[in-house]
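Worksheet for the structure shown next.
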Amino acid sequence: MAPKKRARAAAIANQSKALEGSSDAKDGDGGRERKRVAYAKKSESQKNTSSASEKATYTHWLMKSEPESRIENGVDVKFGIEDLKALPNQTGCWDGVRNYQARNFMRDMKVGQQAFFYHSNCKEPGIAGIIKIVKEAYVDHTQFDKKDVHYDPSSKPENPKWSMVDVQFERMTKRFIPLTELKKYHLKHKGSGGALSCMALFTRARLSVQPLTAEEFDFILSLEDTDPV
DNA sequence: GCCAACGTTGGC
DNA sequence: GCCAACGTTGGC
């Protein structure tokens, strides 16, 4: 069936419940992560949180979610920025991420950092607004819920695989920044060494949670005050 | 709805 | 540990 929205933020009503279950896995460590770009070829143990001394530190992010209705396993996975805005305190948990690289990036997130809210798999893909991290990575309880679209029978409560963060709506961008426009800059910058020459959105297809350099983040913010290209 | 890209699984 | 088959992502 159709794919899904891998990252669906939800109201955090029962977050305390999720919290007690198992302390956030600080799993191992045996594994070190490679410096900036982690490939997916690693063994399970290597996919866990890496030691701070080794990894590149990112401060800005881009998180994808689907703003249009799509039914997966009988459940509508729609979650656009307006849906986040409508939650109590305009805050929700970013559950449902089931990709190791994306998960690891969420584990690197710190309270107060900003992320772009990106609308994917929809009529007009692009950046709709800015959100901020308000709670650092903790166990994603939906992995144990058989009724949940993102239930993962291979994950055990004693050693949870998946994490999520809480995010809060900050503001809409002054204008919607479409993927098509970002792509034009990316292509142009690839030749000139500009800000978006290596943007993960284009170099790491399908990654639903991705890091941005400060330069990338600032450049995209500057587009708010420019005319659409 | 198509399909390219690419992550995951499992046989060997 | 290789790699073909399979499943998912997500633009178009």
Side-chain angles (χ1 to χ4, degrees), chain A residues 1-9 27 30-31 33-34 36-50 61-84 94-108 115-129 140 142-143 145-146 148-156 159-164 176-190 196-212 216 220 223 228-229:
Chain A
M1 119 152 323
K4 108 96 358 4
K5 140 197 254 357
R6 55 226 118 269
R8 179 172 59 91
D27 357 76
E33 185 149 66
R34 77 178 67 193
R36 31 184 67 222
V37 175
Y39 279 73
K41 264 339 197 229
K42 322 198 261 182
S43 69
E44 179 60 39
S45 65
Q46 290 175 307
K47 287 164 182 163
N48 294 317
T49 305
S50 53
W61 313 93
L62 180 147
M63 302 171 82
K64 300 178 182 176
S65 189
E66 302 182 34
E68 295 174 4
S69 284
R70 193 168 57 73
I71 306 303
E72 177 170 334
N73 296 341
V75 178
D76 192 348
V77 299
K78 168 184 187 292
F79 191 83
I81 195 165
E82 296 297 340
D83 297 299
L84 174 63
W94 206 267
D95 64 331
V97 171
R98 297 293 181 266
N99 169 281
Y100 290 112
Q101 295 179 57
R103 179 204 68 177
N104 289 347
F105 285 132
M106 285 202 296
R107 289 181 176 182
D108 289 340
F116 287 126
F117 194 116
Y118 178 89
H119 281 170
S120 69
N121 202 18
C122 56
K123 210 146 314 161
E124 211 188 2
I127 292 169
D140 178 347
T142 66
Q143 66 197 297
D145 180 0
K146 293 187 171 62
D148 195 277
V149 178
H150 301 295
Y151 171 60
D152 180 357
S154 74
S155 182
K156 300 301 170 213
N159 187 23
K161 283 188 180 176
W162 308 110
S163 303
M164 62 186 181
F176 182 82
I177 314 281
L179 172 64
T180 52
E181 181 170 346
L182 293 171
K183 185 176 286 179
K184 284 175 192 163
Y185 282 109
H186 168 63
L187 291 174
K188 175 173 156 196
H189 290 182
K190 269 206 298 186
L196 301 192
S197 56
C198 300
M199 191 182 182
L201 192 59
F202 306 105
T203 59
R204 331 253 334 245
R206 307 195 299 149
L207 189 56
S208 69
V209 174
Q210 43 184 264
L212 276 75
E216 288 165 344
I220 293 167
L223 297 179
V229 175

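Letters go in sequence order (proteins before strands), and every chain restarts at 1. On a predicted model such as this, the values are computed, not experimentally measured, just so you know.
Taking only side-chain atoms of A:A205, from C-beta outward, the nucleotide of C:dG10, B:dC6, C:dG11 with the closest atom is B:dC6.
Note: CG (A:L207) to P (B:dA5) measures 17 Å, nearest angstrom. If you measure from atom CZ of A:F79 to atom P of C:dG10, you get 16 Å, rounded to the nearest angstrom. In this structure, A:D152 places its CG atom 13 Å from P of C:dT8, rounding to the nearest Å. Separating the CE atom of A:M63 from the C1' atom of C:dT9 is a distance of 17 Å, rounded to the nearest angstrom. To the nearest angstrom, C1' of C:dG10 lies 12 Å from CD of A:Q210. Here C:dG11 presents its P atom at 9 Å from CD of A:E66, a figure rounded to the nearest Å. Residue A:H119 contributes atom NE2, which lies 17 Å from atom C1' of C:dT9 at whole-angstrom precision. We find that NE2 of A:H150 is positioned 12 Å from C1' of C:dT9, with the value rounded to whole Å.
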query = Where do A:W162 and A:Y100 land on the ring-ring contact (aromatic ring centres under 6.0 Å, His included) test, with the steps shown first?
reply = CA-CA 8 Å; A:W162 308 110; A:Y100 290 112; 4.8 Å; yes
Nucleotide N/O to protein N/O under 3.5 Å, stretch nucleotides 2-4 of chain B:
none

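Every residue was checked against the ring-ring contact (aromatic ring centres under 6.0 Å, His included) condition with A:F176, not counting sequence neighbours, and none meets it. Scanning for ring-ring contact (aromatic ring centres under 6.0 Å, His included) contacts around A:Y118 gives an empty result, with sequence neighbours left out. Partners of A:T180 by side chain to side chain donor-acceptor pair (under 3.5 Å), not counting sequence neighbours: none found. With sequence neighbours left out, the ring-ring contact (aromatic ring centres under 6.0 Å, His included) criterion links A:H186 to A:F202. A:E216 meets the salt bridge (charged side-chain N to carboxylate O under 4.0 Å, His left out) test with no other residue; sequence neighbours excluded.
Taking only side-chain nitrogens and oxygens, A:K183 comes nearer than 4.0 Å to OP1 or OP2 of C:dC12. Between C:dG10 and A:K64, a contact under 4.0 Å exists linking OP1 or OP2 to a side-chain N or O. Distances shorter than 4.0 Å separate none of the side-chain N or O atoms of A:Y118 from OP1 or OP2 on C:dT9.
In terms of modelled atom types and a separation under 3.5 Å, the side chain of A:H119 and the main chain of A:I81 share a donor-acceptor contact.
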